[in-house]
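Chain letters run A, B, ... following the sequence lines, proteins first and then strands; every chain starts at 1. Note that the structure is predicted; figures quoted are calculated from it, not measured.
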Amino acid sequence: MMLSGTDLACVRAGLPIFRDVSFAIDAGQALLVTGPNGSGKTTLLRLIAGLIRPTRGQVTLAGLDPEASIGEEAHYLAHQDALKPSLTVAENLGFWSRFMGPPASPETALAAVRLDTLAGLPAAYLSAGQRRRLSLARLLAVYRPIWLLDEPTATLDADGQASLAQIMRDHLASGGIIVAATHGPLGIDGARELRLSGGQPGCAAGPAPSPGTRGEEWGEGDASSGRSSLAADRITAQPNSSPQAAKHATVLKSLAAIFVRDVTIALRVGGGALMGVLFFLAVVTLIPFALGPDLALLRRVGPAVLWLGALLASLLALDRLFATDQDDGSLDLIVAGGPPLELAVGAKAAAHWLTTGLPLVVASPLFGVLLNLEPKSIGATVLTLLVGTPALTLIGLIGAALAVALRRGGILLPVLVLPLTIPVLIFGVAAANAALDGPVRFATPFAILCALTLISLVIGPFAAAATLRHTE
Amino acid sequence: MALPAHAAFIIAAYGATIVVVIALIIWVIGDYREQKRVLAELDARGIGRKTG
Amino acid sequence: MIVQKRPMALIDLANPSRFLALVGRALPWLALATAIAFAIGIVLVLMAPDDYQQGATVKIMFVHVPAAWLASLIWVVMSIAALGTLVWRHPLADVAAKTAASIGAAFTFLCLFAGSMWGRPMWGTYWVWDARLTSVLVMFLMYLGLIALWQTVEDPTRAGRAAAILTLVGAINLPIIKFSVDWWNTLHQGTSVFRLDGPSIHPTILAPLLVMALAFTLLFVTLHLAAMRNEILRRRVRTLRLLQAHGA
């Protein structure tokens, strides 16, 4: 196994970050990336993980499953900890174990970082150092050969740093690769150094492409080539090219893990479903204040009012789709390595609809009563909302992904998505209104509504995934 | 006593009252038991023993 | 032990442990009083005569009106608690405010539902946008907003301060809203002349009404104190969990 980068250059937002960066790392070797702040250490790590595309050059991984991307074979430990405060320590680690696929042993990992006594504690109570240790447990729970660590010793005390050094040595001894951005020594012997000095040409003082030759070293000792053969044995022992069926099962498990986690958080944090329904009620209440309490008029516009309320409530809830994951670093991990991003995004959309869209549908009959709708009307409106709100969520995926890419939230997101939802609104209201005219008049717009939902089922996740991949 | 007209609505109104009241009581009692349980569990682990 | 003869001052309630002990002792009696009040109230309700116009459905009023009174009363309680948080910094004010919100929302919902049940047989529709029901609906919206605020903001102290401000703003606004809704309703008086006031108060109607109102109030006090106790325990759990994290 060999991880190598050739002539890498990266430009972001028009500013050159680094160029002419090359390195080659064998199994069992570590590369320390050093340099002043702003020299691009994090950028290089994200580049290797596959989260950023290099402006020039390429990163290649030789010796493992050729169909797997580097991100799928790597653990990326960023500054953020990718922890959900409302889940317990064990639940957080359990999610990543299931998401990243077998083999996984969360309990032993927790014990290794001495967090097993806190397994049932909500992650919100952890100190910074404990959160970092929990992130390290992720590296231990699921085996991946490549570790990309961004300043891993930050927030760790002396004990923690010693544990980390031991963990890293164990990983190298079993044939893994470590690329670590750091300001100081990490306690592993024989690591090479790659110094970035901030946008200057030819700044890479890394080793030559052939392993085991030049390059600066921390401490004594040599990255002995004798280790490589031993490492090679260890690597083939890992189940890294599984048969197709096992791979499908893993993907399904990862998707299920995302779905369950999002629903759990939504139920625990609360507020999400309630806020949506509350906003829905507010809109429904506001309309009569504007139109007057004329019951006959309200009955005529009732389905439209319900649709408008549900649509606006759906749009407002959208920025919670990706925002928290982006903020705590989970989104990077989901994008980098795991199931296909389209499916992962779809799983998130499903969880989102279940916890925000479905409550709107459930509340709509009650609000229909407020608007003096007759039962047939209410029934038709509920049915159209049931079919239409998923479309709103799926179309909203695109806007939510754009908000991640643009790093802007707020009102921008609903404004972007609103025009895209117009067809759904038109046919939803048309079908609801047509119900009073009989089943035939109802069927046509309803069928079109169903078709729109199915189309959005395809377009939404694909567009959103594409957007997320091209985000820096 | 003959059933009054619109009995269904009277029953619905009072029925809802009973349901809501019972739900509130269950919530209060259930929450009490839950908090007591968690406190007992934390106490068994010896957390917070020394403080007042 | 404590000398009991001096009258209980507010300061006694400030100590959460003391408060918990007091509540523990008082709750059984309060619960008993509530049950007795409801028992008497139900008997009086059953004995009350039917209205010459509305028949027996007027008896829905014995649930609808007390629920409405309580919805407003609880907002007043929350407002006092809000002053306790912002002005006097009473340690239990937050706890009182948070727990009152849920109970208040429940009673407001009851008022709306009973009103709807009253409206349907009498005026043919489950909902009317008349002044009183609409004002209560707006109050219901504001209650739910407060609950959403308590649930979403994670730090209890910050949530308490925000909720206190919102409660006081609401207290000022609710009369304004009621006035506006009244005005809006009279604008459209031609289309609907619904009055859920019920008949003028007659002694045989007054007695059950007052007793039911008393019963509901006692119910609120009992539930509120019990819920406050739960909230104090919950905060204790939170503190212990923080300790647990620091220990490891």
Side-chain angles (χ1 to χ4, degrees), chain A residues 85-86 88-89 110 113-131 133 268-299 320 365-375 378, chain C residues 102 105 109 112-113 115-117 119-120 123-131 133-155 159 177 180-181 183-194 237-248:
Chain A
S86 51
T88 66
V89 165
L110 274 183
V113 295
R114 288 173 294 119
L115 285 177
D116 44 323
T117 48
L118 298 181
L121 189 67
Y125 292 98
L126 296 179
S127 67
Q130 289 166 327
R131 296 164 64 89
R133 273 151 57 192
R268 278 210 199 143
V269 171
L274 176 61
M275 297 258 238
V277 173
L278 195 50
F279 186 78
F280 191 7
L281 175 60
V283 168
V284 167
T285 310
L286 281 179
I287 301 288
F289 282 131
L291 293 181
D294 179 352
L295 288 177
L297 172 62
L298 289 179
R299 169 173 292 203
R320 297 161 102 255
L366 198 59
F367 300 165
V369 169
L370 289 181
L371 295 169
N372 194 34
L373 292 181
E374 53 178 76
I378 296 182
Chain C
S102 307
F109 171 75
L112 291 171
F113 187 79
S116 174
M117 293 295 104
R120 173 71 172 150
W123 295 288
T125 160
Y126 281 111
W127 181 260
V128 286
W129 292 91
D130 91 315
L133 270 180
T134 309
S135 303
V136 176
L137 180 63
V138 173
M139 186 192 284
F140 185 54
L141 260 175
M142 292 172 66
Y143 264 114
L144 291 180
L146 265 181
I147 294 176
L149 183 63
W150 280 110
Q151 272 194 343
T152 320
V153 179
E154 289 189 350
D155 177 13
I177 294 174
S180 317
V181 171
W183 195 80
W184 165 78
N185 206 252
T186 52
L187 272 186
H188 306 272
Q189 206 49 270
T191 51
S192 55
V193 193
F194 300 111
V237 166
R238 187 171 182 269
T239 313
L240 288 181
R241 283 234 164 100
L242 282 168
L243 272 178
Q244 184 189 23
H246 280 162

Who among A:A124, A:S127, A:P122 has the most heavy-atom pairs with chain C under 4.5 Å?
A:P122

Considering non-hydrogen atoms only, spot the tightest contact between C:Q244 and A:L118 and give its length.
O-CD2, 3.6 Å

With sequence neighbours excluded, what pairs up with C:R238 under the salt bridge (charged side-chain N to carboxylate O under 4.0 Å, His left out) test?
none

Measure across A:F289 and C:W184 and return the closest heavy-atom pair with its distance rounded to 0.1 Å.
O-NE1, 3.5 Å

Identified side chain to side chain contact (heavy atoms under 4.5 Å, CB included) partner of C:W127 from the options A:L370, A:L371, A:N372
A:L370

Taking all atoms of both residues into account, what is the closest heavy-atom pair of A:V284 and C:W129, and its distance?
O-CH2, 4.2 Å

Highest number of heavy-atom pairs under 4.5 Å with chain A: which of C:T134, C:L141, C:V138?
C:L141

For A:R131, give me all partners under salt bridge (charged side-chain N to carboxylate O under 4.0 Å, His left out), at least two apart in sequence or on another chain.
A:D81

Look up atom CG in C:L242 and atom CG in A:L121, then write down how far apart they are to the nearest 0.5 Å.
8.0 Å

When rounded to the nearest 0.5 Å, the distance separating CE of A:M275 from CG of C:L144 is 12.0 Å

Heavy-atom distance under 4.5 Å to chain A: side chain of C:L137, backbone, both or neither?
side chain

Working to the nearest 0.5 Å, report the span between CG of C:L243 and OH of A:Y125.
11.0 Å

